[in-house]
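The structure displayed is predicted, hence computed values, not measured ones. Chain letters run A, B, ... following the sequence lines, proteins first and then strands; every chain starts at 1.
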Protein chains: 2
Amino acid sequence: METTQLLREYDIRPSFTRVSIYEYLKSHRVHPSAEDIHRALSPTIPTLSRTTVYNTLHLLVQKQLVTTLDVEEEQQRYDIPDHPHAHFKCRKCKAVYDLEDVHPSNIPQDKLNGFRVEEAKLVYYGLCPDCQQTA
Amino acid sequence: METTQLLREYDIRPSFTRVSIYEYLKSHRVHPSAEDIHRALSPTIPTLSRTTVYNTLHLLVQKQLVTTLDVEEEQQRYDIPDHPHAHFKCRKCKAVYDLEDVHPSNIPQDKLNGFRVEEAKLVYYGLCPDCQQTA
DNA sequence: TTGTCTGCAAAACATTTGCATACTG
DNA sequence: CAGTATGCAAATGTTTTGCAGACAA
């Protein structure tokens with residue numbers, strides 16, 4: 001779908017900046033930080049400020065077009081929650097991988113007694129295949 | 001088990017400060033932040049510095065006696081990983097609850113192809129029973 | 001005495017805020 | 001014009017670092 005239209009559906013005015021940031025996230029599935037995004041888009045949008053990147057990301061998160069990662073890191077990282085998946089963070093090389101088809105989808109509702117779940121984040125920590133070799 | 005002995009088993013010299021911080025975490029299961037811990041122990045240990053709290057927590061995390069929570073918060077929060085459980089964070093009142101008996105224990109290994117998992121963190125976000133009423 | 005532990009003060013760094021200017025409908 | 005978006009500079013707040021003094025094996 002057109003990003004412009006998608007944003008409109010979520011009640012976000014599709015300014016050039018916002019569209020650019022959303023599309024950057026969509027086409028760079030490496031969970032970039034605000035700083036990464038700013039650095040990447042600065043050549044294209046020379047006036048882009050960090051403040052605007054933060055503003056836009058907050059807005060996108062609030063409207064649920066984007067989520068945060070929360071993976072033992074100082075800098076927050078962002079992701080588009082297209083399809084349910086978990087993350088794996090290597091404690092040696094610090095890379096964050098997507099684990100497709102792994103997700104706490106069917107939680108026994110009786111276990112959640114009364115809590116209404118809107119979102120679930122599952123993160124595994126350990127050693128990625130590469131780092132197991134050099135360990 | 002005696003905290004003193006437990007720390008020794010994990011190769012940590014059981015100084016008064018370290019034992020105090022570990023026992024505080026053990027007896028206050030509300031996932032306190034470093035600042036919370038410092039504030040709570042200061043009356044007992046007036047000379048306790050924030051630096052030492054941070055140092056100690058880092059050490060305990062490194063030795064795997066303590067884990068971090070990573071739940072969409074600026075301040076890091078700490079927990080003792082006694083028994084496998086997930087967390088639930090209410091997006092309205094911000095409280096973090098333990099969900100006993102909910103945990104991604106049996107991950108189909110074939111789904112993880114090659115990643116060696118040391119730890120898994122599962123966090124649910126939504127509305128707690130109380131906040132659903134006032135919503 | 002030698003290495004470890006602790007604490008102070010200063011630094012680092014990501015993020016937020018206040019406010020002014022520039023757009024846009 | 002009115003409301004929204006953006007940007008700059010300064011502030012905030014948590015965590016880290018460097019170094020010195022205190023403590024313990």
Note to self: As a test of understanding, state which of B/Arg29, B/His83, B/His31 forms a side-chain hydrogen bond (donor to acceptor under 3.5 Å, both in side chains) with B/Asp98.
What the structure shows: B/His31
Check: Looking at B/Thr47, does any N or O in its side chain come under 4.0 Å of the phosphate oxygens OP1/OP2 on C/dG7?
Finding: yes
Next item on the list: Nearest whole angstrom, please: distance from the P of D/dC23 to the CZ of B/Arg13.
Entry: 15 Å
Notebook entry, point to check: Is the shortest heavy-atom distance from the side chain of A/Thr67 to the side chain of A/Val61 under 4.5 Å?
Noted result: no
Item checked: Minimum-distance nucleotide (side-chain atoms of A/Gln75 versus C/dA14, C/dT6, D/dT6) -> C/dA14
Margin query: Reading DNA chain C from 5' onward, which residue's closest nucleotide shows up sooner: B/Thr56 or A/Glu35?
Written below: B/Thr56
Check: Which nucleotide in the set C/dT6, D/dT15, C/dT15 lies at the smallest distance from any side-chain heavy atom of A/Arg50?
Finding: C/dT15
Note to self: Tell me the interatomic distance from B/Arg18, atom CZ, to D/dA24, atom P, rounded to whole angstroms.
What the structure shows: 12 Å
Next item on the list: Quickly, which of B/Tyr97, B/Tyr125, B/Tyr124 forms a ring-ring contact (aromatic ring centres under 6.0 Å, His included) with A/Phe115? Name it, please.
Entry: B/Tyr97
Check: Between A/Thr17 and D/dT6, does any side-chain N or O lie under 4.0 Å from OP1 or OP2?
Finding: yes
Checklist line | Rounded distance in Å - OH (A/Tyr54) to C1' (D/dT12) | finding: 13 Å
Item checked: Student check: side-chain heavy atoms of B/Leu25 and B/Asp79 closer than 4.5 Å -> no
Next item on the list: Would you mind reading off the distance between B/Glu74 atom CD and D/dG13 atom C1', rounded to a whole angstrom?
Entry: 9 Å
Item checked: Nearest-angstrom distance from the residue atom OH of B/Tyr78 to P of D/dT14 -> 12 Å
Note to self: A side-chain contact here means heavy atoms from C-beta on lying under 4.5 Å apart; do B/Val96 and B/Phe88 qualify?
What the structure shows: no
Notebook entry, point to check: In whole angstrom, what separates B/Asn55's CG from D/dC19's C1'?
Noted result: 13 Å
Check: Rounded to whole angstroms, how far apart are CG on A/Leu57 and P on C/dT15?
Finding: 10 Å
Item checked: Proximity to the side chain of A/His58 - top-ranked nucleotide from C/dT6, C/dT16, D/dT6 -> C/dT16
Margin query: Nearest to the side chain of A/Ala34, heavy atoms from C-beta on, is which of C/dC8, C/dT15, D/dT15?
Written below: C/dT15
Next item on the list: From the options D/dG7, C/dT6, C/dT15, select the nucleotide whose nearest atom is closest to the side chain of A/Thr52.
Entry: D/dG7
Notebook entry, point to check: Starting at the 5' end of DNA chain C, which residue's closest nucleotide do you reach first, B/Thr51 or B/Ile12?
Noted result: B/Ile12
Check: Atom CD of B/Glu73 and atom C1' of C/dT16: how far apart are they, to the nearest Å?
Finding: 16 Å
